[in-house]
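The structure appears right after this line, and notes come after that.
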Amino acid sequence: MPAVTTEADTSAVDAPAGAPAVRIAHVHKSFGRPGARTHVLDDITLDVAPGEFVTLLGASGCGKSTLLNLVAGLDRPSAGTIEVAGGRPALMFQEHALFPWLTAGRNIELALRLAGVPRPERRAEAERLLELVRLGGSYGKRVHELSGGMRQRVAMARALAQGSKVLLMDEPFAALDAITRDVLHDEITRIWAERQLSVLFVTHNVREAVRLAQRVVLLSSRPGRVARQWLIDLPQPRRIESSGVADLSIEITEELRGEIRRHVQH
Amino acid sequence: MSSTDTAPARTGGDSADVGAGLDALDAVSAQRSSLGEVLRTKALPPLIGVVVVLALWQGAYSLHLTSSYKLPSPLDVWHSLQDLWYQGTLFSIIWTSVWRGLSGFLLAVAIGTPIGLVVARVRPVRTAIGPVLQGLQSLPSVAWVPAAVIWLGINDSMMYAVILLGAVPSIANGLVAGIDQVPPLFLRAGRTIGATGLAGARHVLIPAALPGYLAGLKQGWAFSWRSLMAAELVASSPDLGRGLGRFLEDQREFSDMSGVLLGIILILFVGIAIELLVFTPIERRVLRNRGLLAATR
Ligand SMILES: Nc1ncnc2c1ncn2[C@@H]1O[C@H](COP(=O)(O)OP(=O)(O)OP(=O)(O)O)[C@@H](O)[C@H]1O
Ligand SMILES: [Mg+2]
């Protein structure tokens with residue numbers, strides 16, 4: 001069985017059957033005043049199937065965060081439609097974005113409260129979510145008392161507290177050291193499988209994209225388009241240093257370089 | 001390539017152990033310093049400062065740098081304090097001023113907070129009165145006293161008017177600055193977890209703006225106290241309770257220099273005491289909770 005399927009023609013990659021968890025259809029996004037507009041996203045069409053793990057890969061400034069913000073509802077597309085099954089998706093930022101005036105547990109409880117969880121259940125649910133990210137006993141910790149990796153895990157617990165089956169992640173591990181990131185890759189893979197989440201994960205780290213995803217989507221730059229997709233068939237849990245991940249990473253990196261070079265020649 | 005050339009998958013336990021090890025390495029352990037250390041590092045330096053000032057003062061007095069009616073000795077001032085104590089008026093004088101100052105300050109908070117919120121969040125209002133509000137901060141509130149006397153007469157309302165004119169702008173400006181400094185990331189994070197509109201203001205905007213707001217409140221208190229002393233100094237009427245400013249002016253009329261110095265010291269003392277007893281603990285607590293205060297060691 002081949003471990004990897006690559007498809008040069010994006011439309012040839014069929015999403016699994018059933019209504020998608022995220023449907024991005026012909027989305028355009030421009031910034032700036034009329035006359036001096038920069039076209040950042042150009043006709044992006046992309047579905048994430050329920051339970052699918054998709055990583056979005058692209059050079060810096062190609063519009064990955066812009067796309068994620070659109071899906072999260074923090075901004076509106078200039079044209080096109082975005083549908084997310086089950087309402088507002090959860091979003092994790094590159095920075096943990098935890099509120100420093102609340103303890104770790106209280107940060108999670110605030111998300112539970114805003115999601116409509118009744119007060120008597122919140123405390124127990126927050127403790128349960130902390131257990132899930134292996135931070136049981138950290139309920140009363142202040143944000144500044146946690147390490148970078150612990151903060152991202154609390155942020156993950158807070159995102160899960162929203163109760164959405166769709167999780168958007170914008171380079172959530174980019175600021176972490178390699179070993180911590182490795183541990184968190186295992187964590188997110190485990191939680192994704194346990195909770196059957198649909199994940200759209202942005203990164204510019206090719207190996208990370210291959211380590212995590214069932215499908216890697218490469219965006220081109222200026223304007224951002226879906227350049228190519230890879231279905232990844234390696235069994236989970238994978239190791240980022242394994243040869244399967246490495247081989248495919250080399251191939252995708254070559255493609256990414258080509259994308260960037262093509263841009264320079266213009 | 002095929003799936004067989006992936007390295008054997010690690011067990012979950014291995015990764016969890018690595019994670020736990022990292023957590024243990026990274027965890028911050030807060031150390032509390034002992035009482036003796038706190039006294040030595042926090043209380044001793046100001047005490048030494050006071051002793052040095054007293055020594056210089058006593059030295060200047062002993063050397064007869066100027067006539068003793070212009071510069072009484074520390075002991076003379078101490079005797080003035082004792083006199084006030086035995087007359088039984090010391091606390092009523094202090095209390096009259098403190099009561100006016102604190103109630104005027106609370107009124108200023110009640111008025112300045114909504115003004116600050118509106119100026120920070122409503123753009124046209126900000127363009128219209130934002131600069132005026134900032135300018136008012138640099139206007140010494142004693143400048144308002146003559147106007148307040150003409151408008152309101154010499155009574156308590158006039159005192160409160162002067163306090164408000166002095167303190168409201170700094171409280172409002174503090175809140176505006178606090179809101180301006182809220183990192184946009186917090187607002188976006190709040191929106192993604194559903195904190196929009198009023199819930200957003202309550203759960204994200206206001207707590208995030210708290211440090212700036214507290215700084216404004218602290219300055220607001222300093223301005224309230226200053227404004228009140230100016231008003232008490234200028235406004236004299238038998239109907240008015242006798243506060244510290246009035247006491248100071250009375251001593252001047254009696255040409256009692258040690259009484260004047262006592263008045264100045266009491267005004268300074270009360271202002272500092274309220275700041276240390278009320279504002280500093282609140283501010284320290286807020287900053288410490290957010291990790292914005294270096295741990296005391
Ligand atoms: N609010 C905005 N106004 C104007 N231009 C913007 C705005 N937001 C993003 N852009 C532009 O859109 C482009 C894409 O930005 P975006 O942050 O989405 O990139 P990215 O792919 O996430 O990059 P990185 O990997 O560095 O995070 C950039 O050129 C940026 O300058
Ligand atoms: Mg980005």
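Each chain gets a letter, A, B and so on, in the order the sequences are listed, and its residues count up from 1. Just so it is clear, the values below take in all heavy atoms, side chains as well, and ignore hydrogens, waters and symmetry mates. Note that the coordinates shown come from a computational prediction; the quantities given were computed from them, not determined experimentally.
- Summarising the local packing, CD of A/Gln196 is surrounded by 12 or fewer heavy atoms from other residues, nucleotides or ligands at distances under 6.0 Å.
- Between atom CZ of residue B/Arg191 and atom CG of residue A/Leu114 there is a gap of 14.0 Å, rounded to the nearest 0.5 Å.
- For A/Arg190, no part sits under 4.5 Å from any heavy atom of chain B, backbone or side chain.
- Contact count versus chain B (heavy atoms, under 4.5 Å) is highest, among A/Ser138, A/Ala111, A/Ala155, for A/Ala111.
- Residue A/Ile179 qualifies as open at atom CD1: its count of foreign heavy atoms under 6.0 Å is 12 or below.
- Closest approach of B/Asn289 and A/Arg142 over heavy atoms only: O-CD, 2.9 Å.
- With values rounded to the nearest 0.5 angstrom, B/Arg288 atom CZ is found 9.0 Å from A/His144 atom NE2.
- Within a 6.0 Å radius of CH2 in A/Trp192, more than 12 heavy atoms belonging to other residues, nucleotides or ligands are found.
- When all heavy atoms of A/Leu74 and B/Arg188 are compared, the pair lying nearest together is CD1-NH1, 3.8 Å.
- Contact check for B/Val204 versus A/Phe99: side-chain heavy atoms found under the 4.5 Å cut-off.
- A side-chain contact (heavy atoms from CB on, under 4.5 Å) with B/Thr192 is found for exactly one of A/Leu168, A/Asn69, A/Leu91, namely A/Leu91.
- Residue B/Leu276 places its CG atom among more than 12 non-hydrogen atoms of other residues, nucleotides or ligands, all under 6.0 Å distant.
- Heavy atoms closer than 4.5 Å to chain A are found nowhere in B/Val286, neither backbone nor side chain.
- Under the 4.5 Å side-chain criterion, counting only non-hydrogen atoms from C-beta, A/Trp101 is not in contact with B/Leu210.
- Between chain B and the options A/Arg158, A/Met92, A/Arg153, the largest number of non-hydrogen pairs under 4.5 Å is found for A/Arg153.
- Within a 6.0 Å sphere centred on CZ of A/Phe31, other residues, nucleotides and ligands contribute more than 12 heavy atoms.
- Heavy atoms of B/Ala195 lying under 4.5 Å from chain A belong to its backbone as well as its side chain.
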